[in-house]
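A short worksheet on the structure shown next.
Small disclaimer: the values here were computed from a predicted structure and weren't measured.
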Amino acid sequence: MSQQSEECLPESASAEQNGAPGARILHMKGRHYDLQKAIQQRAQESVEREAALDHEQRRPKPLKWAIALLIAAIPIALTLTAAEAFLRVFHKYLDVTVQTANKQAEEQAAAAAAAAAAAEAQAPVTSDEPGVVMLSPLLVPPDQKAQQAAPSQTSQAADPKK
């Protein structure tokens, strides 16, 4: 609302005199100023209240953030757990596979050694190749070794010329 000049006052007075009803401007300087001041003050309070609410809404709430982080951590934890479980199962599978392969290798080595021992027992000690002599230890029980050793020592003692 703006104040009108005093020039409008005579026109309104002339309009009333002509018989046409018109508005009369009353000058209330103190009241008009107080009303304008109250409106501005309420508007300022409203703006400040909206700014405070906006700031409150923008401020992060710790509980809300903690809940959001926990919810976000669930898929990450599940993924890591699944990967760790897969690796554990894979290592156990490899251990079982390696143990099975080692047992088979040992069985094959034992079978090959038994076959070689059987072939050596059946094959003659002599070789067809010239100049090669195959020596094998004579398996004699320990009692017979002691008996054989004693006569050989007596035979050497009896023959001093040798």
Side-chain angles (χ1 to χ4, degrees), residues 1-125 127-129 132-142 145:
M1 293 176 79
S2 64
Q3 277 187 333
Q4 305 215 357
S5 67
E6 294 179 14
E7 295 174 358
C8 293
L9 194 54
E11 290 176 13
S12 62
S14 63
E16 284 180 14
Q17 292 171 358
N18 293 341
R24 189 186 270 181
I25 299 175
L26 299 174
H27 295 287
M28 295 182 225
K29 290 186 179 184
R31 209 169 201 203
H32 178 69
Y33 178 71
D34 291 340
L35 182 62
Q36 189 175 11
K37 187 175 180 182
I39 291 171
Q40 285 179 348
Q41 187 176 7
R42 284 195 129 186
Q44 183 66 30
E45 288 173 358
S46 175
V47 167
E48 288 175 357
R49 190 172 42 246
E50 288 177 10
L53 287 174
D54 188 42
H55 177 70
E56 179 107 359
Q57 289 174 352
R58 287 187 184 178
R59 191 183 80 207
K61 295 177 176 47
L63 182 62
K64 188 176 182 180
W65 278 97
I67 291 171
L69 287 175
L70 286 175
I71 290 172
I74 290 171
I76 295 169
L78 289 175
T79 303
L80 291 176
T81 304
E84 193 268 332
F86 172 76
L87 289 176
R88 190 178 322 131
V89 168
F90 188 70
H91 283 292
K92 285 184 180 179
Y93 170 76
L94 285 179
D95 288 342
V96 168
T97 306
V98 167
Q99 287 176 356
T100 306
N102 286 343
K103 286 180 183 177
Q104 288 177 351
E106 288 174 3
E107 289 174 0
Q108 288 176 354
E120 187 177 310
Q122 290 177 357
V125 177
S127 174
D128 294 339
E129 298 178 22
V132 176
V133 178
M134 299 293 285
L135 299 176
S136 61
L138 181 62
L139 298 176
V140 180
K145 282 186 183 178

For residues 85-94, tabulate all N or O donor-acceptor pairs below 3.5 Å that involve a side-chain atom, not counting sequence neighbours.
| residue | atom | partner | partner atom | Å |
| --- | --- | --- | --- | --- |
| Arg88 | NE | Glu84 | OE2 | 3.3 |
| Arg88 | NH2 | Glu84 | OE1 | 2.4 |
| Arg88 | NH2 | Glu84 | OE2 | 2.7 |

Are any of the side-chain heavy atoms of Val96 and Thr100 separated by less than 4.5 Å?
yes
Ignoring hydrogens and angles, write down the donor-acceptor pairs under 3.5 Å from the side chains of residues 40-47, residues two or more places apart or on other chains.
| residue | atom | partner | partner atom | Å |
| --- | --- | --- | --- | --- |
| Gln44 | NE2 | Glu48 | OE2 | 3.4 |

When rounded to the nearest 0.5 angstrom, what is the spacing between CG in Asn102 and CD in Gln104?
9.5 Å
Which residues share a salt bridge (Lys or Arg N to Asp or Glu O under 4.0 Å) with Asp95, sequence neighbours left out:
none
What pairs meet the salt bridge (charged side-chain N to carboxylate O under 4.0 Å, His left out) rule with one or both residues in residues 60-73, with sequence neighbours excluded?
none
Listed partners of Ile39 passing side chain to side chain contact (heavy atoms under 4.5 Å, CB included), at least two apart:
Leu35
